[in-house]
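In what follows, a structure is listed as structure tokens, so that the remarks can point back to it.
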Amino acid sequence: MLPCLQALVDNVYGNDSLIFIEERVMGYVHGGRLVAQALKRHGTTHLFTLCGGHIQAIYDGCLDEGIRVVDVRHEQTAGHAADGWARVTGKPGVCAVTAGPGVTDVVTAIANAQRAQIPLVCIGGAGPKQLCDMGSLQDMDHLSLMRSITKWSVQVPETRRIGEYIDSAFRVAQANTPGPVFLEMPLDLLMNGSDDAELPATAPLEEPPRPAGDVRAIAKAAELLRNAKRPVFVVGSQVRWSPVRERLAATLERFGAPVFLNGMARGALPDAHPLRFSRSRKFALAQADVVFVLGTPFDFRVDYGRSPTWNADGKIVQIDLDGAELGRNRKVDVAIQGDSGNVLEQLARELGTTLSFAEWTDMVRADETKRRAKMQAEIDSNDSPPNPLRVCAELGKRLGPKDIVIGDGGDFVATAAYVLKLEWPQLWMDPGPLGTLGVGPGYAMAAKLARPDANVVLVYGDGSFGLHAMEFEAMARQNIPVIALIGNDAGWTQIRRGQVELYGEERAVATGLDYTRYEKVVEACGGRGFWVEKIEQLGPALDEAFACGKPACVNVKIAKSDFRKGAISV
């Protein structure tokens, strides 16, 4: 055994270890470097991880192959970072976690990616195969644990097949409906060697295939749109993976109907576009006679497609990458399995002309204007402590054309989603339908590394900040400057509001917090912190945070607001 590998094994399993690693001196490439070589072939430039003895060989390989190893303070953050990398770049992110509790810690992040349909590759360490089920350090059944929350959960069987399995992992993660993949790599597999010449017969695909829709269904959908009086388009996050996403705005203009953008589709149309709406969705859906639903499931965010939120007599055209999603929770009139962008372009070609629904669009615009007017007084408010709508509006004034906003919280994040006016290549990222708090630091680290010329702003609730606050140490130490904006209302307000209504103030337990000085945590970790409780402090604090070049936290004591009460989820 090579001395360096023997030392690593002894460090993990003790000096009396009986683990035998195959030695090949001539042309020797250990399994960790084979991992890095395979990742590099897929364009991977960053690996997100928390250290563990089982996976250290992968770090060694990454150093040889020029892949940056980015370390975090909790494995959940590593998983969220891989997720965030995919959202920003369009390519699967990669994380590596050690065996046992390393894998269990990343479960929440993988489950969040699975529900949000995000492609990533998670590599999990494991004890040596020859000690399986003998009680070795951190030995457990990872594969069964991960199977229900991944597209593929598998152990790589031998060292020489590492590249082949990584090729498969990237292919599976991106195919059809995107999602996470888990690869278990035992310690001895990573330590053993393989000759340079033993490369896999497989190779990365240039682009994952993105299917178009059935032409018969496209014709039916076009006919429904031609005969419609009050059509609506609801476009969701799946458009992020479309090869024609940059043409989305021009295609939607061909239909002349109101458009609502959800999730990562936000920004596909600029805020001022005459067909783009956000506040009037409930009004529009209740009256629409035809709704095109693209890459958006009929889940809680759209009231499961039910009346009275939706017009009971309206027709539904549903487009989704997942054929099993079509018709779930409600009857649809035309079901199309395919890529959102490709299907929209097919629909435009089938129509052959540009449509206009000016009278209907004006009706929706009138409702939108009325709803926005109700917000304006709070946006313009000079009261102290600052109103949350005003805080988000001040942030919006400082966003540049490439900046990224990440939502990690409840009420305050929902407020930001309504107020901020984003346009691609600006990007909005939030947990998605699993509603996982704590995504923020991982998303933010990945976003800043993937797009270093962008400001990355993490919009926080004061509750969610506490989940992974120590990641600001990792950011400061590794020079990853992101900006955190905390809307601090001293509570888990999205939950507390309903709790008080049901049980009364005196029985509202576990939802109250203090106006804690969270910015001092960031300062202690090597960043900059700003405390804001008066409106005149807000602008200067944001300006300095944007300019400081370090991880920064603007902790704003905000006024209580009823803005979100009873509002439909977006």
Side-chain angles (χ1 to χ4, degrees), residues 8-9 12-13 30-36 38-39 42 44 46-62 67 69-83 85-86 92-114 118-133 136-159 161-170 172-173 179-192 442:
L8 180 53
V9 172
V12 178
Y13 283 93
H30 64 70
R33 187 164 184 186
L34 292 177
V35 172
L39 294 177
H42 286 271
T44 301
H46 293 73
L47 175 77
F48 301 97
T49 191
L50 192 153
C51 67
H54 294 87
I55 56 174
Q56 287 183 51
I58 297 175
Y59 304 162
D60 186 67
C62 286
I67 295 174
V69 177
V70 183
D71 65 279
V72 299
R73 300 300 298 267
H74 194 287
E75 285 91 354
Q76 184 177 335
T77 300
H80 289 319
D83 178 331
W85 183 270
V94 183
C95 63
V97 298
T98 198
V103 173
T104 62
D105 278 354
V106 83
V107 163
T108 297
I110 302 304
N112 190 75
Q114 189 252 3
I118 306 298
L120 66 83
V121 176
C122 178
I123 298 172
K129 293 181 71 172
Q130 63 181 289
L131 299 182
C132 181
D133 297 326
S136 68
L137 177 66
Q138 298 176 332
D139 184 30
M140 64 172 288
D141 181 2
H142 301 131
L143 301 182
S144 296
L145 178 68
M146 302 296 282
R147 196 160 283 131
S148 68
I149 55 172
T150 58
K151 294 182 71 177
W152 192 35
S153 176
V154 65
Q155 183 187 86
V156 180
E158 56 179 312
T159 301
R161 299 187 69 188
I162 284 175
E164 173 193 340
Y165 271 75
I166 287 178
D167 286 348
S168 294
F170 274 79
V172 172
V181 167
F182 178 73
L183 294 181
E184 182 183 79
M185 297 191 185
L187 176 68
D188 44 355
L189 175 143
L190 291 173
M191 294 301 184
N192 280 335

message: Please give me the minimum heavy-atom distance between L50 and E75, naming the atom from each residue.
response: CD2-OE2, 3.7 Å

- request: Taking all non-hydrogen atoms of both residues into account, name the closest pair between A78 and C95 and its distance.
  value: O-CB, 3.5 Å

query: Can you check side-chain contact (heavy atoms from CB on, under 4.5 Å) on F170 and T44, steps first, answer last?
result: CA-CA 11 Å; F170 274 79; T44 301; 3.6 Å; yes

field: T77 side chain reached by F48 side chain, heavy atoms, under 4.5 Å
entry: no

- request: Please test L143 against F182 for side-chain contact (heavy atoms from CB on, under 4.5 Å), starting from the C-alpha separation and ending with a verdict.
  value: CA-CA 8 Å; L143 301 182; F182 178 73; 3.9 Å; yes

Pairwise side-chain contact, L120 with I110, heavy-atom cut-off 4.5 Å (strictly under): yes

field: All pairs passing side chain to side chain donor-acceptor pair (under 3.5 Å) where residues 96-106 contributes a residue, at least two apart
entry: H54-T98

message: Any non-hydrogen side-chain atom of V121 less than 4.5 Å from a side-chain atom of I166?
response: no

- prompt: Looking at H30 and M191, what are the two nearest heavy atoms and their distance?
  reply: CB-O, 3.8 Å

message: For a 4.5 angstrom cut-off between non-hydrogen side-chain atoms, does M140 reach V103?
response: no

Stepwise side-chain contact (heavy atoms from CB on, under 4.5 Å) check, V181 with V154: CA-CA 9 Å; V181 167; V154 65; 5.8 Å; no

message: Rounded to the nearest 0.5 Å, what separates atom OG1 in T108 from atom CG in N112?
response: 8.5 Å

query: With Y165, which residues qualify under ring-ring contact (aromatic ring centres under 6.0 Å, His included), at least two apart?
result: W152

- request: Might you point out which heavy atoms bring Q114 and S148 nearest each other, and give the distance in Å?
  value: NE2-O, 4.0 Å

- prompt: Looking only at heavy atoms, which two atoms of I55 and L190 are closest? And how far apart?
  reply: CA-CD1, 4.3 Å

field: Heavy-atom pair with the smallest gap, counting every atom of E164 and R161
entry: OE2-NH2, 2.8 Å

field: CG on L47 to CG on L39, rounded to 0.5 Å
entry: 7.0 Å

message: Is the shortest side-chain heavy-atom distance between R33 and D60 below 4.5 Å?
response: no

query: Where the side chain of T49 meets the backbone of V97, is there a donor-acceptor pair that is under 3.5 Å apart?
result: no

- prompt: Short question: side chain of N192, backbone of D188 - any donor-acceptor pair under 3.5 Å?
  reply: yes

Short side-chain to backbone donor-acceptor contact, H142 and G100, under 3.5 Å: yes

task: State, with a plain yes or no, whether a side-chain heavy atom of Q155 is found less than 4.5 Å away from one of K129.
output: yes

